[in-house]
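This report concerns only the one structure given below.
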Amino acid sequence: MKFFIDTADLDEIKEALSWGCLAGVTTNPSLYARTGGKLADFEDHMVKIAEMCGDLPVSAESQAKTTEGMIEEGRHLASLAPNIVVKLPICAESLAATHTLAAEGVRINMTLIFSAPQALLAANAGARYVSPFVGRFDDIGEDGISELANVVTAIGNYDWTGKNVDNVCEIITASVRTPNHVTQAALMGADIATVPFGALKKCLKHPLTDQGMASFDADWAKVVAAQ
Ligand code: G3P
């Protein structure tokens with residue numbers, strides 16, 4: 001399973017990229033707002049992230065509400081950098097926009113997916129990625145991981161050749177809050193987990209790793225002292 005980072009914070013992206021295990025970035029309006037960025041700087045900010053990421057995919061979300069608006073904004077966002085993926089929330093308008101944009105070679109990440117039928121509709125319209133949300137489903141007392149499993153099985157049952165420029169529909173596990181969400185997503189074969197930086201750091205750490213490093217250091221110090 002590939003790791004994306006779910007943030008618009010340049011420092012977090014830079015740090016996570018330096019680990020050498022990042023395969024992409026996802027952003028959304030809330031994540032951009034959290035950076036304190038202004039409306040006028042949004043596009044430059046997305047271009048900056050895209051440039052930092054080389055050829056790794058970077059999702060930038062459209063704010064248009066009509067099919068025509070999404071098509072226009074989608075074309076524009078995709079023209080900003082070759083690795084920008086246009087993020088659209090699942091709805092009738094975005095399915096129609098995806099159908100047009102995918103035929104033009106624009107990659108779409110269909111977001112706010114909470115069910116297998118939504119994911120199947122998105123993939124059939126031409127989405128390059130579908131993003132089922134795990135944590136927000138848990139938040140309302142549902143089982144986000146079970147719903148993710150339904151999406152993984154449903155999308156995996158079919159061949160998406162001819163639907164988009166890459167002939168695949170990858171599942172981005174989104175709204176990831178814990179290392180266990182990452183474990184469960186990988187065990188069921190989700191393609192990608194997009195993880196906020198805080199949760200990514202939690203994935204890296206384990207108390208027994210810290211204890212083990214401390215005891216190795218202490219024992220090595222004894223070896224050095226005995227010289
Ligand atoms: O990419 C969007 C998604 O990951 C949001 O996560 O934690 O705000 O539910 P969260």
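Atoms within each ligand, like the ligands themselves, are counted from 1 in listed order.
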In residues 216-227, what donor-acceptor pairs under 3.5 Å come from side-chain atoms, sequence neighbours left out?
residue	atom	partner	partner atom	Å
D219	OD1	K222	NZ	3.1
Q227	NE2	V223	O	3.2

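Contacts between R34 and ligand 1, counted as non-hydrogen atom pairs separated by less than 4.0 Å, are absent for every part of the residue.
In terms of modelled atom types and a separation under 3.5 Å, the side chain of E72 and the main chain of E68 share no donor-acceptor contact. Here the side chain of Q184 pairs no donor or acceptor atom with the backbone of H181 at under 3.5 angstrom.
Tested against S59 for a side chain to side chain donor-acceptor pair (under 3.5 Å), the candidates T111, T194, N109 yield a single pass: N109.
Nearest to atom 7 (O) of ligand 1 among the protein's heavy atoms is R177 NE, 3.0 Å. With respect to atom 1 (O) of ligand 1, the closest heavy atom belonging to the protein is D6 OD1, 2.9 Å. Atom 6 (O) of ligand 1 has S175 CA, 3.3 Å as its closest protein atom, hydrogens excluded (heavy atom only).
For ligand 1 and N28, the ligand atoms under 4.0 Å from any heavy atom of the residue are 1 (O), 2 (C). Interface of R136 with ligand 1, defined as ligand atoms under 4.0 Å from a residue heavy atom, comprises 5 (C), 8 (O), 9 (O), 10 (P).
For R107, the side chain to side chain donor-acceptor pair (under 3.5 Å) partners are D166, not counting sequence neighbours.
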